[in-house]
Amino acid sequence: LIYDPHEIEPRWQKVWRARRVFEVETTALAQDKHYVLEMFPYPSGFIHMGHVRNYSIGDVIARHARMRGKRVLYPMGWDAFGLPAENAAIDAGVHPREWTERNIRHMRAQLQKLGYSYDWRRELATCHPEYYRWEQKLFVEMFERNLAYRKGSYVNYCTRCRTVLANEQVEGGTCWRCHTQVEQRELTQWFFRITAYAEELLRGLDALEGKWPSQVLAMQRHWIGRSEGAELDFALEQPAHGQSAISVFTTRPDTLFGATFMSIAPEHPLALPLARAGGNEAEVAAFIQKTLAAGRVARTAEKAEKEGVATGARCVNPATGEKIPIFVANFVLMEYGSGAVMAVPAHDQRDFEFARRYGLPVRVVVQPPGARLDPATMEAAYVDAGVMANSGNFDGTPSEEGKRAVTARFGKPVVSYRLRDWLLSRQRYWGAPIPMVHCAACGVVPARLSDLPIRLPDDAEIGGEGGSPLERHPTFAQTACPKCGGVARRETDTMDTFVESSWYFLRYVSPRETGDMFRRDDVDAWMPVDQYVGGIEHAVMHLLYARFFTRVLRDLGYLKFDEPFTRLLAQGMVCKETYACPEHGWLYAKEAASGKCPKCGQAVVVGAVEAMSKSKKNGVDPDDIVASFGADTARLFVLFAAPPEKDLEWNEAGVEGMHRFLSRVWRLVASAKALGEGGAPSPALRRKTHKTIRRVDEDMERFHFNTAIAALMELTNAVYASLQGPSGPAARSEIDEAVRAIVLLLSPFAPHLCEELWSHLGGEGLVCLAPWPKFDAELARDERVAFVVQVNGKLRGRVELAADASEADVRAAAEADPKIAPYVAGKQIVKSVFVPAKLLNLVAR
RNA sequence: GCCGGAGUGGCGAAACGGUAUACGCGGCGGACUCAAAAUCCGCUGGGGGCAACCUCGUGAGGGUUCAAAUCCCUCCUCCGGCACCA
């Protein structure tokens, strides 16, 4: 009988489902709970290998925890709002709801074929009003707490997606979805006040040290971007725009005496008024227009020239009393600090370049230790610490100390963050409506809670020009003001889809609750998530937003904890070699198989190993792998080929190897069953069995699934060897013990095969609920050990002795060993280092 | 430029300061077979030697240590993130 996954797998999937083995309920005592969660997928149409890897890792963790006696919450759902659905409507004329639901049906079937142990009763889709109504309620509560607000500002705009974007969704100046260059537009939009939590979100990262990947922590720290500095006011020579001073933020107050001019952002509200007062309005206006038109990307590109125009106005350096010119400069950003910087060319590279270009004075006010800088000959700004000079009373003060002293004398200490508020409104259809009403008399008013959900109408006209689909809808916006009852207009923007993913992990604990976002006792019992698994691409998007929402919900009284995800595992990408034709671009592996481009016959070029993607045509369809090898092989391969956090290179031969291994296990069980009673006792096999259990335990603890599988391969090889020893097979009981251990330990990785083999072995119940095996330390212990003997740190031989042999025993054996003896003969042993049951190092002189 | 990570056989990779290369892939050889596939067994870092064995070897160079792939310093290369953030 041959291993046939196609017969085995659907059969056991049916059994699991019928016996409801993966369904869990909330119980009062939660100490054995384990909440395992994977980042839920966007229902794009098909599962890809990245999903298979992500969910195979999660499933191993969930199944292992279950066998260890934990009550495991392991849910799955759909991040169902988003632009691709809307684009499908435009391209193919399907309604986004229909497109999304069709995709969910297909992808759910794909996941079920892979045998993941989800509690499917908890499945949710964020596009359902039963889901997003709670998000709308939360939005209203955040509005009432001033955590959601509307403001006009320059915002990121993607012309292709025809909507605004949050800063986190701009990657290298391009849209995170379509990678179109992002424009800056001045628009009034909705924001979440995530900056109110900047300090807490930053400090919270310390507690995640060692539990989250250091890379994610570093990325979030950098994204929040805390800088300590000073706020300093520079009085204006002539008041402008009702202001008598310009405020700047600096991290180098110690260089204040060297500020020889000021630079302000083109968007700065004082830019034009100052130019008017300074008599250079026309030139400044033209410069502002040109700079804004160029766009933020061009303006802030790496090699962009620093450019500016003098306003003609001046302000007073508070330290020197000098009147210094005010420039509008392209490199100054309105969003950071106060949009104005004191320019210290001697000690800031940007100011230095600007000063050299426009012939502005350079004054050295910090001298490096043991050197004297001359402004005339400097080729770059000196940005490091030193001793203050040309700074009046402060001369001779170390610059670090000077920071505090100058701040105290001329300004006040200020902490600035790079993090900006989360722009969450979107001018698109397929999202949750923002539950707000615009009333001519009352202003912006939240919808009544009793009116929620504000349903997304099905009959909007998607696509077309001008404004969002909801804005063009004939009736959606028509409403009465919840406050005064007068005629009012609904907000027609929808929410960023990252809003849905910021709390879905909370909804899983009570997915059918109709009275609130979730039940408090469910949340108290299950949250926080014990193990989160997902891609690193969400390091500063989803993972930061979810931490923010958790704190908001805590402050609104819903939750009692700060961090949603106790541990995070960020899995690497699934990659594969690419192929291309010099003329026709990327080719599928099948097209490239002949070595010639099917279109033009030119030789195929083999490219780098890159993440699987549609555009590079190097994807492998999980359906194909399941169809040819079965789900267990697919799962085992993605777990074995690399440790989870590293990128994995797809290798067809490696997949076959995994299938070969599973077949080997299959045949091993058949051979073991066919074995007669009796046989020669083999303590070595027992030892190997118990050692393997111990090794797999350690590997599971650290998520080293690749080495856990390797250990099981070794044990499998050892059982094969013990079946055909020179003195006949080992004792049946010992072989049985080893084989049962293999089936149990392998079951989280290859659950279908192991379920089948477990039943063949007459195992009790289902293997997925069987107790995880325990090793016997006594049986795992080696009786005799080959001690490594080193002389002066070099391996010179091995001596086999009892494992508990003393240092003196090993040394005596070593000195008597013909291979080792010559290295110590005639020398004095000045030191001897002994590691019990392992090694002896003799230092001979 | 700054931050994070990684450089180990032909390839994917292993080794919580202690036998470098486990396990898998590929390759070579053998058994089984009329033959092939499948399967099973063995070998497989470089150099030297008939051999036992010797010697070199974890990106480069230094250091700490009885002992370094592992810890420290300097540098090189690659990957990821951020990037005119004052």
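Below, chain A is the first sequence line, B the second, and so on; all start at residue 1.
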Q: Return the nucleotide paired to B:G1: Watson-Crick means purine N1 to pyrimidine N3 with N6-O4 or O6-N4, wobble means G-U with N1-O2 and O6-N3, both under 3.5 Å.
A: B:C82

Q: Counting Watson-Crick and G-U wobble pairs only, both distances under 3.5 Å, name the nucleotide matched with B:A69, or none.
A: none

What pairs of nitrogen or oxygen atoms, one from the protein and one from nucleotides 62-68 of chain B, lie under 3.5 Å apart?
{"unit_1": "B:C66", "atom_1": "OP1", "unit_2": "A:K831", "atom_2": "NZ", "d": "3.4"}
{"unit_1": "B:C66", "atom_1": "O2'", "unit_2": "A:N841", "atom_2": "ND2", "d": "3.2"}
{"unit_1": "B:C66", "atom_1": "O2", "unit_2": "A:N841", "atom_2": "ND2", "d": "2.4"}

Q: Could you let me know what B:C43 is paired to, Watson-Crick or G-U wobble, both distances under 3.5 Å, or none if it's on its own?
A: B:G27

Q) Does A:R420 get its side chain close enough to the base of B:C85, under 3.5 Å, for a donor-acceptor pair? A) yes

Q: Among B:C23, B:C82, B:C85, find the nucleotide with the atom closest to the side chain of A:E171.
A: B:C82

Q: Describe the nucleic acid contact of A:P643 in one word from base, sugar-phosphate, nothing, applying a heavy-atom distance below 4.0 Å.
A: sugar-phosphate

Q.
Between A:K819 and A:D817 (salt bridge meaning N to carboxylate O under 4.0 Å), is one present in this structure?
A. no

Q | Under 3.5 Å: donor-acceptor pair, side chain of A:N618, backbone of A:Y579 | A | no

Q.
Under 4.0 Å, heavy atoms only, any strand: does A:G657 hit a base, just the sugar-phosphate, or nothing?
A. sugar-phosphate

Q: Could you tell me whether the side chains of A:E335 and A:Y154 share a donor-acceptor contact shorter than 3.5 Å?
A: no

Q) Hey, does the side chain of A:N706 come within less than 4.0 Å of B:A14's phosphate (OP1/OP2), counting only N and O? A) yes

Q. To the side chain of A:N651, which of B:G81, B:C40, B:C25 is closest?
A. B:C25

Q) Closest to the A:R702 side chain: B:C16, B:A86, B:C23? A) B:C16

Q: Once you apply the 3.5 Å cut-off to both distances, tell me the Watson-Crick or G-U wobble partner of B:A15, or none.
A: none

Q: Output yes when at least one side-chain N/O atom of A:R418 is less than 4.0 Å from OP1 or OP2 of B:C84, else no.
A: no

**Q.** Aromatic plane relationship, A:Y545 with A:W422 - under 30° parallel, 30 to 60° tilted, over 60° perpendicular
**A.** parallel

Q.
Of the listed nucleotides (B:A20, B:G81, B:C85), which one gets closest to any side-chain atom of A:L795?
A. B:A20

Q) Is B:G9 paired to anything, Watson-Crick or G-U wobble with both distances less than 3.5 Å, and if yes, which nucleotide? A) none

**Q.** Nearest-nucleotide comparison on RNA chain B, the residue closer to the 5′ end among A:R798 and A:I2
**A.** A:R798

Q | Minimum-distance nucleotide to A:W223 side chain [options: B:C23, B:A15, B:C82] | A | B:C82

(Q) Check A:R695 with A:E714, please: is the shortest side-chain N to carboxylate O separation under 4.0 Å? (A) yes

(Q) Tell me which nucleotide, if any, is Watson-Crick or G-U wobble paired with B:C50 when both distances must be under 3.5 Å. (A) none

Q. Are A:R350 and A:E305 close enough for a salt bridge, meaning some N to O gap below 4.0 Å?
A. no

Q: Give a yes/no answer on whether the side chain of A:R796 brings an N or O atom under 4.0 Å of OP1 or OP2 in B:U55.
A: yes

Q | Proximal nucleotide (of B:G18, B:A86, B:A15) relative to the A:V332 side chain | A | B:A86

**Q.** Plane angle bin for A:H542 and A:H538 - parallel if under 30°, tilted between 30 and 60°, otherwise perpendicular
**A.** perpendicular

Q) Is A:T707 near enough to B:A22 that one of its side-chain N or O atoms lies under 4.0 angstrom from OP1 or OP2? A) no

Q.
Which is more 5' along RNA chain B, the nucleotide nearest A:A641 or the one nearest A:E656? Just name the residue.
A. A:A641

(Q) Going by purine N1 to pyrimidine N3 plus the second Watson-Crick contact, or the G-U wobble pair, all under 3.5 Å, which nucleotide sits opposite B:A37? (A) none

Q.
Is the phosphate of B:C85 approached by A:T251 (side-chain N or O, under 4.0 Å from OP1 or OP2)?
A. no

Q) Between B:A69 and B:A6, how far is it from one C1' atom to the other, in whole Å? A) 13 Å

When you compare the protein's N or O atoms with those of nucleotides 43-53 of chain B, which come within less than 3.5 Å of each other, and at what distance?
none

Q: Quick one: label A:M658 by what it contacts on the DNA or RNA (base, sugar-phosphate, nothing), any heavy atom closer than 4.0 Å.
A: sugar-phosphate

Q.
Just to be sure I understand the rule, does A:R667 reach a base, reach only the sugar-phosphate, or reach nothing, if contact means heavy atoms closer than 4.0 Å?
A. sugar-phosphate

Q.
Students often get this wrong, so: under 4.0 angstrom with heavy atoms, is A:N717 touching a base, only sugar-phosphate, or nothing?
A. sugar-phosphate

Q.
Which label fits A:F834 and A:F787: parallel for a plane angle under 30°, tilted from 30 to 60°, or perpendicular past 60°?
A. parallel

(Q) Before you tell me yes or no, could you show the steps for A:V170 and A:C175 under side chain to side chain contact (heavy atoms under 4.5 Å, CB included), namely the whole-Å CA-CA distance, both residues' side-chain angles and the distance that decides it to 0.1 Å? (A) CA-CA 5 Å; A:V170 178; A:C175 170; over 6 Å; no

Q: Identify whether any heavy atom of A:S832 sits under 4.0 Å from a base atom; if not, whether one sits that close to sugar-phosphate; answer base, sugar-phosphate or nothing.
A: nothing

Q) Can you check B:G48 for me, syn or anti if syn means within 90° of 0? A) anti

Q: State whether A:H704 places a side-chain N or O below 4.0 Å from either non-bridging phosphate oxygen (OP1 or OP2) of B:A15.
A: yes

Q. Going by distance alone, is a donor N or O of one side chain under 3.5 Å from an acceptor N or O of the other, for A:N330 and A:T291?
A. no

Q) Is the closest basic N to carboxylate O distance between A:D351 and A:K306 below 4.0 Å? A) no

